[in-house]
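One structure is given below, encoded as structure tokens.
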Amino acid sequence: MKDILNFIDGAYCEGSIGRWFDDIDPCTGQAHARISEAGSDDVNRAVSAARNALSGPWSQMPQAARSAMIRAVAEEIDNRFNAFLEAEVADTGKPHSLASVVDIPRGAANFRIFADIIANLSEHAFPMDTPDGGRALNYTSRRPKGVVAVISPWNLPLLLMTWKVAPALACGNAVVAKPSEETPATCALLGDVMNSVGIPPGVFNVVHGFGPGSAGEALTKHPGVDAITFTGETRTGEAIMKAAAAGTRDISSELGGKNAALVFADCDIDAAVEGTVRSTFTNCGQVCLCTERVYVERPIFNAFVDRLKAEAEKLHPGAPTDAKTGIGPLISAEHRDKVTGYFERARAAGATVVTGGDVPVIDGDLANGFWVRPTIWTGLAEDSPLVKEEIFGPVCHIAPFDSEEEALHLANDTDYGLAATLWTRDLSRTHRIAPRLEAGIVWVNTWNLRDLRTPFGGSKQSGIGREGGAYSLEFYSELSNICIKM
Ligand code: NAD
Ligand code: 6OD
């Protein structure tokens, strides 16, 4: 069994508290590695290493040189593609067909885009008249924020960790990363990548462990951390905001969602069904952008439900390496129990179970994996907790609507505001509706199509701030105005 170690000041090390915990393969329920938990002394050491690195050459490095190093990280991830793929799949159980086209390539692409952004950085200038009849020049200038804590979840481990580590490093910060306790393996591999491209020791550190009472809490409460960027559950985001309040540290958060899809009768129904299968069941529904509420205009409601059911039933669970596998497992036994708890509650609430709502029986090595069947419900009341709470599994509820206004109301009637999807051929309708959807991201006739220059984030309880392209600079750098009297 492999050991997964912390990475502090350029070296892999065991946590000083001598505690280890298992890294479970969700396809088998068996441990495939053990993880060394970091204690508060280790977190102290990681934060000190990061702070020391800031006084070295890293943050003063010419932008072009730093950009070249960030680009080299991307190339090194490409070079080690198979090691990253194997680690990600062992931690998550997701099919190779998904991890090899989404997770690992995006890990590299995240470094590439921020290498480009920083290489092409420009500032604003504001020439002005002065009261004495002279002139002055204002210009903006950015400097690193300092030590940035990056805390990430288990659903897209490499993608979401690098989405934040890359801009943090590109802006000249030093990072202490805390990956999810469920999926630490790819983040651990990044340490060696950083060393191999010459990123100075201390610029990138990794501590492993849990949230409360462990490395996560120690890191967010550490006074040596200048800013915290977090992806995960809304309730965890609230706890981290409280920790960040001490010292008024900056926070960026990407949180939960209960995303709606609106399917109008004028849509291309083939595309809408195919897109909704992806938006509901990709990664076994464990993507914050996944659709959990589908609203379909009444004339096509029955046809849409039938077609979505037929497609959902084609998604066979299976081994990650099997080309026929259409859906992987949930991340853990605990999460499987949470999702199956929703299955029971839906039945008790009188939902019609169109398909799924149970656990498939699988023999052999995969018998103890955390599988659930793709599930579709109809007939729940809009105020049911099942339609309000994020489930984060391969589940959606489908309800009919009769007008544009009703569809908009239904989509927006949620505490969350991450993503929404609109399926229509009517361009005027698109322009009427899309800007009124209370979501950080609106996709029209597609889902999860990403241009990494665009702003990404959620409104309401789905997060604070926007990251992506130049928008990331607002969080990862400190902006000054310099005013020169001429
Ligand atoms: P989680 O909030 O349980 O954990 C996320 C990370 O926070 C983990 O590393 C965990 O150890 C750490 N953590 C937990 N409590 C902490 C504390 N008190 N202090 C410091 N760190 C703490 O989330 P999860 O279960 O890993 O991920 C699933 C959730 O993430 C879902 O709600 C999903 O919607 C959300 N998510 C959101 C986005 C987005 O971009 N909006 C992306 C992915 C996942
Ligand atoms: O694509 C991205 O940049 C991103 N942050 C995706 C988040 C997915 C949530 O699970």
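Both ligands and their constituent atoms are indexed starting at 1 by order of listing.
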Apply the test salt bridge (charged side-chain N to carboxylate O under 4.0 Å, His left out) to residues Glu274 and Arg278: give CA-CA distance (whole Å), side-chain angles for both, the deciding distance (0.1 Å), then the verdict. CA-CA 6 Å; Glu274 184 275 331; Arg278 281 197 306 119; 3.3 Å; yes
Atoms of ligand 2 under 4.0 Å from any heavy atom of Asn155, numbered from 1 in the order shown, are 9 (C), 10 (O)
Which residue supplies the protein heavy atom nearest to atom 27 (O) of ligand 1, what is that atom called, and how far is it? Pro153 CB, 3.2 Å
Using the ring of Phe475 (Phe, Tyr or Trp, six-membered ring only), decide whether Lys145 places NZ or CZ under 6.0 Å from its centre and within 45 degrees of its axis. yes
If you have a sec, work out which protein heavy atom is nearest atom 25 (O) of ligand 1 and how many Å separate them, to one decimal? Trp154 NE1, 2.8 Å
Looking only at protein heavy atoms, what sits closest to atom 1 (O) of ligand 2 is Arg450 NE, 2.7 Å
Contacting atoms of ligand 1, where contact means under 4.0 angstrom from a heavy atom of Lys178: 8 (C), 9 (O), 10 (C), 11 (O)
Arg51 side-chain N/O to Gly224 backbone N/O, donor-acceptor pair under 3.5 Å: yes
Can you name the atoms of ligand 1, numbered from 1 with element, that are less than 4.0 Å from a heavy atom of Phe230? 2 (O), 5 (C), 6 (C), 7 (O)
Does ligand 2 have a heavy atom under 4.0 Å from the side chain of Thr231, from its backbone, from both, or from neither? neither
Tell me whether the guanidinium CZ or amine NZ of Arg106 lies under 6.0 angstrom from the six-membered ring centre of Trp163 and within 45° of its axis. yes
Report yes if the side chains of Asn110 and Leu452 come closer than 4.5 Å at any heavy-atom pair, otherwise no. yes
Of all the heavy atoms in Gly463, does at least one lie under 4.0 Å from an atom in ligand 1? no
Examine ligand 1 and decide if any of its atoms is less than 4.0 Å from a heavy atom belonging to Ser214. no
Write out the residue and atom name of the closest protein heavy atom to atom 37 (C) of ligand 1, then the distance separating them to 0.1 Å. Leu255 O, 2.9 Å
Can you name the nearest heavy-atom pair linking Ser472 to Gly468, along with the distance? OG-N, 2.6 Å
Can you tell me if Gln286 contacts ligand 2 (heavy atom of the residue under 4.0 Å from the ligand)? no
Which ligand 2 atoms are under 4.0 Å away from a heavy-atom of Arg106? 1 (O), 2 (C), 3 (O)
Is Gly458 in contact with ligand 1, taking contact as a heavy-atom separation below 4.0 Å? no
Consider every N or O of Asn155 and every N or O of ligand 1, then say whether any pair is closer than 3.5 Å. no
Polar atom proximity, Thr231 to ligand 1 (N or O, under 3.5 Å): no
Do Asp103 and Lys94 pass the salt bridge (charged side-chain N to carboxylate O under 4.0 Å, His left out) test, and can you show the C-alpha distance, the side-chain angles, and the key distance before you say yes or no? CA-CA 10 Å; Asp103 300 71; Lys94 61 180 82 189; 2.7 Å; yes
Checking a contact table here: which protein heavy atom is nearest atom 34 (O) of ligand 1, and how many Å away? Glu390 OE2, 2.5 Å
Is there a donor-acceptor pair under 3.5 Å between the side chain of Arg34 and the backbone N or O of Asp23? no
When you measure from atom 23 (O) of ligand 1 to every protein heavy atom, which one gives the shortest distance, and what is it? Glu233 N, 3.5 Å
Of the side chain and backbone of Leu160, name the one, both, or neither that has a heavy atom under 4.0 Å from an atom of ligand 2. side chain
Per-atom contacts, ligand 2 versus Glu254 - under 4.0 Å to a heavy atom: 5 (N)
Within a distance under 4.0 Å of any heavy atom of Ile240, pick out the atoms of ligand 1 and give their elements. 19 (N), 20 (C), 21 (N)
Does some side-chain heavy atom of Arg80 sit less than 4.5 Å from a side-chain heavy atom of Val193? yes
Quick one, Ser462 and Thr234 - any side-chain contact, counting heavy atoms below 4.5 Å? no
So that I can tick it off, tell me whether Asp413 and Arg293 are bridged by a salt bridge, with the cut-off set at under 4.0 angstrom between side-chain N and carboxylate O. no
Decide side chain to side chain contact (heavy atoms under 4.5 Å, CB included) for Thr355 and Arg373; before the verdict, give the C-alpha distance in whole Å, the side-chain angles of both, and the deciding distance to 0.1 Å. CA-CA 8 Å; Thr355 188; Arg373 238 191 269 277; 5.6 Å; no
Give the atoms of ligand 1, by number and element, whose distance to some non-hydrogen atom of Leu418 is under 4.0 Å. 41 (N)
Determine, counting only non-hydrogen atoms of the protein, whether one lies under 4.0 angstrom from atom 30 (O) of ligand 1. yes
Under a 4.0 angstrom heavy-atom cut-off, which atoms of ligand 1 come close to Phe456? 40 (O)
Near Trp163 (heavy-atom distance under 4.0 Å), the atoms of ligand 2 are 3 (O), 5 (N)
Is any N or O atom of Gly209, backbone or side chain, closer than 3.5 Å to an N or O atom of ligand 1? no
Contact (N/O only, under 3.5 Å) between Thr234 and ligand 1: no
Backbone or side-chain N or O of Ser462 under 3.5 Å from ligand 1 N or O: no
So that I can tick it off, tell me whether Glu334 and Lys338 are bridged by a salt bridge, with the cut-off set at under 4.0 angstrom between side-chain N and carboxylate O. no
By number and element, which atoms of ligand 1 are closer than 4.0 Å to a non-hydrogen atom of Pro179? 9 (O)
Is the shortest distance from a Lys or Arg side-chain nitrogen in Arg112 or Glu75 to a carboxylate oxygen in the other one below 4.0 Å? no
Leu452 contact mode with ligand 2 (heavy-atom cut-off under 4.0 Å): neither
Is it true that Arg345 and Glu389 make a salt bridge, defined as a side-chain N closer than 4.0 Å to a carboxylate O? yes
Scan Arg235, Lys258, Glu238, Glu390 and name whichever one has a side chain to side chain donor-acceptor pair (under 3.5 Å) with Gln461. Arg235
Nearest protein heavy atom with distance in Å, relative to atom 14 (C) of ligand 1: Thr236 CG2, 3.3 Å
Over 60° means perpendicular and under 30° means parallel, so classify the ring planes of Trp154 and Phe392, tilted if in between. perpendicular
Under the side chain to side chain contact (heavy atoms under 4.5 Å, CB included) criterion, do Val294 and His397 qualify, and how do the steps go? CA-CA 6 Å; Val294 185; His397 178 249; over 6 Å; no
Could you list which atoms of ligand 1 come closer than 4.0 Å to a heavy atom of Leu160? 42 (C), 43 (C)
Suppose I only count heavy atoms of Phe210 and a 4.0 Å limit; which atoms of ligand 1 are within that range? 11 (O)
Among Cys290, Cys288, Gly457, closest by heavy atom to atom 9 (C) of ligand 2 is Cys288
Do me a favour and list the nearest non-hydrogen protein atom to atom 12 (C) of ligand 1 with residue, atom name and distance? Ile151 CG2, 3.7 Å
shortest atom 6 (C) of ligand 2-to-protein heavy-atom contact is with Phe456 CZ, 3.6 Å
Residues Tyr416 and Glu292: side-chain donor-acceptor under 3.5 angstrom: no
Minimum-distance protein heavy atom relative to atom 39 (C) of ligand 1: Cys288 SG, 3.2 Å
Are Phe210 and Phe21 an aromatic pair by the rule of ring centers under 6.0 Å? yes
Can you name the atoms of ligand 2, numbered from 1 with element, that are less than 4.0 Å from a heavy atom of Val287? 8 (C), 9 (C), 10 (O)
Short version for Glu467: what comes under 4.0 Å of ligand 2, heavy atoms counted, is neither
